[in-house]
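A short write-up of the structure that comes next.
Just so it is clear, the values below take in all heavy atoms, side chains as well, and ignore hydrogens, waters and symmetry mates. In what follows, every chain begins at residue 1, and chains take the letters A, B, ... in the order their sequences are listed.
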Amino acid sequence: MKKCVDAQVDKKQGEYATDERAFRLLEAFSGVDEELIERCEEQGKVIKPHAFWKSAARYGSACAAVFCLLAVGALTWGGYHVGVEHATGGAMESAREEVGYDLGVETTGAAPEAEMYMEAADATAGNAEEKYTSESASSVVLENQKLDGVAVGTTESDVKNGAEYNVVPDSGEREETASGAESDCAVSPEMKSRGITLEEAYKVEGLGEYIPTVKPAGYELESVYVLESAGGDTKESPQRLTLCWSRGMDSIFWSISREDAADLNIVDVDKTETYDEYLYEIPHAETVPEEYWEIFSNPVCKSEDFSLKFVEKRMISRGGDAGDTDTPRGSFSVLYPDGIVVNFKGRGTAEEVWEMFSSFK
Amino acid sequence: MVKDEEILDLYWARDERAISETQNAYGNYCYSIAWHILYDKEDADECVNDTWLKAWNAIPPGRPNRFALFLGTITRNLSLDRWKGRHAVKRGSGEMLLALDELGECIPAGNSTEEAVEAAELQRLLNKFLHTLPEKECNIFLRRYWYMEEYNEIAARYGMKLNTVKTSLFRSRGKLREYLEREGVVI
């Protein structure tokens with residue numbers, strides 16, 4: 001009993017201590033450079049890009065209805081009976097389009113759980129709201145240059161970015177479900193991840209050659225990590241290389257590891273229902289058949305079956321990402337004959353992602 | 001609207017109209033900062049009034065280049081002090097506690113025998129870190145932890161989705177923790 005009380009007291013004290021330290025950190029924000037705050041204020045004044053659409057969404061249908069009635073009245077009164085159908089059809093069409101847009105927004109909001117998962121994971125695959133078009137893909141130029149071997153940041157949080165996590169609505173609390181490098185770190189205390197340069201990454205035996213030599217335009221290398229034994233014996237230890245590129249709010253996580261094929265969800269490319277993002281609406285929990293849940297969330301394609309078509313089915317763009325980018329997003333893995341698995345999570349057009357995979361080997 | 005330079009001239013002339021002009025120009029701005037921390041009208045009003053007094057005492061000899069920020073920082077500090085005094089005994093609830101809980105994630109594990117870093121050094125490191133963040137991410141981070149704005153306010157301000165804001169903040173906190181750990185900071 002006493003132990004229990006002591007534990008509670010310790011917990012309380014720990015809570016206060018954390019609060020104290022968090023408070024110090026909060027106070028430190030008061031010393032933030034003036035230009036940063038000023039920039040923040042300037043940006044905050046920017047007119048919201050979707051203000052027009054919000055107005056349209058709010059008043060569009062009413063305006064369209066009034067316009068429609070006016071048009072019908074005017075045309076009928078003028079005796080142009082033949083034109084009536086046309087005119088009302090046009091007005092109704094525009095009203096429907098506006099309402100359709102409105103509904104699109106509402107529908108998005110109506111699937112908060114799936115959306116939150118999608119937004120939180122950010123780099124994981126989303127659901128279809130807008131079909132991906134090849135025009136948007138072709139408009140982006142790939143940088144066909146060997147990536148520079150610059151020194152990169154060594155923040156482990158960058159690796160952490162690769163982890164999927166769920167955001168609990170409104171509370172601001174988060175549940176993390178470790179994946180990628182982080183999960184390995186978590187379950188294998190003898191393993192540790194270490195920030196390295198891109199040049200060093202290219203030299204990691206067995207894994208370095210799976211680093212893409214092209215990246216979608218505008219992406220900058222953010223971090224490179226190698227997972228190795230805590231003793232530094234990289235040759236005999238199972239390893240993983242994790243690279244991250246970012247472009248504003250877009251990011252690409254590229255993980256290369258050696259895996260046992262038996263543990264993977266390898267897809268049969270003919271069974272598109274197991275991996276095609278376009279077949280299922282949000283929320284996935286309600287639309288993806290239960291027997292496909294695992295494979296659908298992380299499909300692994302054998303390199304011999306891997307094609308642009310497969311990538312296209314996994315990269316999906318989400319309409320109405322206000323403030324966010326509308327770059328298609330997706331996730332999948334490719335298994336190579338030597339047991340190497342390359343996992344992609346992030347944003348880019350299918351062509352860009354395909355180019356990345358085509359740039360090595 | 002009277003320009004900052006003119007208001008500052010009033011302060012330097014020890015003209016009491018300086019206070020009313022400041023109130024007209026920055027009353028809402030400072031009140032908003034205080035409100036987000038305190039969530040109490042009376043307390044927020046008092047902090048704003050104390051801000052004018054502090055400004056009156058500081059100018060002259062001071063002549064801040066960024067007057068709004070100068071005032072905002074005073075309000076913020078006064079509000080934090082007031083909040084701390086009010087919550088010395090019990091933990092309470094509200095936006096501040098959410099922010100504190102979130103920032104608790106950023107605190108690196110440290111040895112209790114190590115000495116906590118000085119406030120000035122912590123500020124310097126924090127600034128250095130903020131400069132490493134992409135502009136948008138930095139702005140969102142400051143909106144949350146400088147202005148103490150709620151997630152949905154930030155989302156509305158930048159025309160973003162709520163969860164995009166949450167994601168951005170989650171990432172930034174992770175980066176901050178990692179940065180502080182790498183710098184060997186004990187808070």
*Of the listed residues (B/Glu135, B/Met148, B/Arg124, B/Glu137), which shares the most heavy-atom pairs with chain A below a 4.5 Å separation?*
B/Glu135
*Heavy-atom distances under 4.5 Å only: say whether B/Leu80 touches chain A with side chain, backbone, both or neither.*
both
*Between A/Glu222 and B/Lys175, is the closest basic N to carboxylate O distance under 4.0 Å?*
yes
_Ring centres under 6.0 Å, that's the criterion: do B/Phe141 and A/Phe29 meet it?_
yes
*Who are the side chain to side chain contact (heavy atoms under 4.5 Å, CB included) partners of A/Asp33, not counting sequence neighbours?*
A/Glu35, A/Leu36, B/Asn127, B/His131
*So what's closer than 4.5 Å to chain A heavy atoms on B/Tyr29: side chain, backbone, both or neither?*
side chain
*Which pairs, with at least one residue in residues 46-59 of chain B and sequence neighbours excluded, count as a salt bridge (Lys or Arg N to Asp or Glu O under 4.0 Å)?*
B/Glu46-B/Arg82, B/Asp50-B/Arg82
*asked:* Does any backbone or side-chain atom of B/Glu150 lie under 4.5 Å from a heavy atom of chain A? Answer side chain, backbone, both or neither.
replied: neither
*Could you tell me which residues in residues 56-77 of chain B have at least one non-hydrogen atom under 4.5 Å from a non-hydrogen atom of chain A, sorted by residue number?*
B/Arg66, B/Leu69, B/Thr73, B/Arg76, B/Asn77
*Charged N to carboxylate O under 4.0 angstrom, A/Lys215 versus A/Glu220?*
no
*When you check the gap from the basic side-chain N to the acidic O, do B/Lys3 and B/Glu6 get nearer than 4.0 Å?*
no
*Listed by chain and number, what are the ring pair (Phe, Tyr, Trp, His ring centres under 6.0 Å) partners of B/Trp146, not counting sequence neighbours?*
none
*Under 4.0 Å between a Lys/Arg side-chain N and an Asp/Glu carboxylate O for B/Glu149 and B/Arg157?*
yes
